[in-house]
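Worksheet: one structure, shown below.
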Amino acid sequence: MNNKTKVYLFTLVALVAGYLMISPIAKAANPSGEDSKEVSQLLSDAKFEAHELEVDAHTIESYMKSDLSWQSHATKLTEIREHVNKTGKLLAKLQDAREKGSAWQQKAIDEIEPLLKELATNTSSAMNYLNENKDRFHMGTTYHDYLKAKTG
């Protein structure tokens, strides 16, 4: 897999990790104020989806270290896209209920949208690359080597 796809997948992992952190950080920053039960439930549902995305991201990262077929990668990317779409539907509900939420809940809602848009874009880009490079997507450095180069 080339560096462009690895960037998409690395960004996917980073976005999921950041997405999982939004709610607790925002709440700690402003613990006062009345929380909306409806918004809390929707944020909880979104957090569950974010966890599913994190699991997906770790799985696809492990795929990068294997000789799995492009079909296996495509199946996992499709699952990621489905989780992104489900989270998008939750975000729409959150935006509809935003005014009912406390300040920290509103901040969390506002911060989810750009992350989700970027995640959707990166997922689509990875899927497009895979579809265009089915016969040579394993070429290049391994995902592990790429991560060492980016973080080391």
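Along the sequence shown, the residues carry numbers beginning at 1.
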*asked:* Quick test of your reading: applying salt bridge (charged side-chain N to carboxylate O under 4.0 Å, His left out), list the pairs with at least one residue in residues 76-87, sequence neighbours left out, ordered by first then second residue.
replied: Glu49-Lys86, Asp56-Lys76, Lys76-Glu79
_Sidechain-backbone polar pair: Ser124 side chain, Thr121 backbone, donor-acceptor under 3.5 Å_ = no
*Val39 to Ser36 - nearest heavy-atom pair and separation*: N-OG, 3.1 Å
*Exercise: identify the closest heavy-atom pair between Glu34 and Ser102*: O-CB, 3.0 Å
*How close do Gln95 and Ile109 get, heavy atom to heavy atom, and via which atoms?*
CG-CG2, 4.1 Å
*Indicate the atoms forming the closest heavy-atom contact of Ile80 with Leu53, along with that distance.*
O-CD2, 3.7 Å
*Heavy atoms, side chains only, cut-off 4.5 Å: are Leu90 and Phe48 in contact?*
no
*Can you run down the salt bridge (charged side-chain N to carboxylate O under 4.0 Å, His left out) pairs that involve residues 90-99, sequence neighbours left out, and say none if there aren't any?*
Arg98-Asp110
*Kindly indicate whether the side chain of Thr78, heavy atoms from C-beta on, has any atom under 4.5 Å from the side chain of Met127.*
yes
*asked:* Can you see whether Ser69 engages Gln71 through a side-chain donor-acceptor pair at a distance of less than 3.5 angstrom?
replied: yes
_Partner residues of Gln41 under the side chain to side chain donor-acceptor pair (under 3.5 Å) criterion, sequence neighbours left out_ = Asp45
*What heavy-atom pair brings Leu42 and Ala97 nearest, and what distance separates the two atoms?*
CD1-CB, 4.4 Å
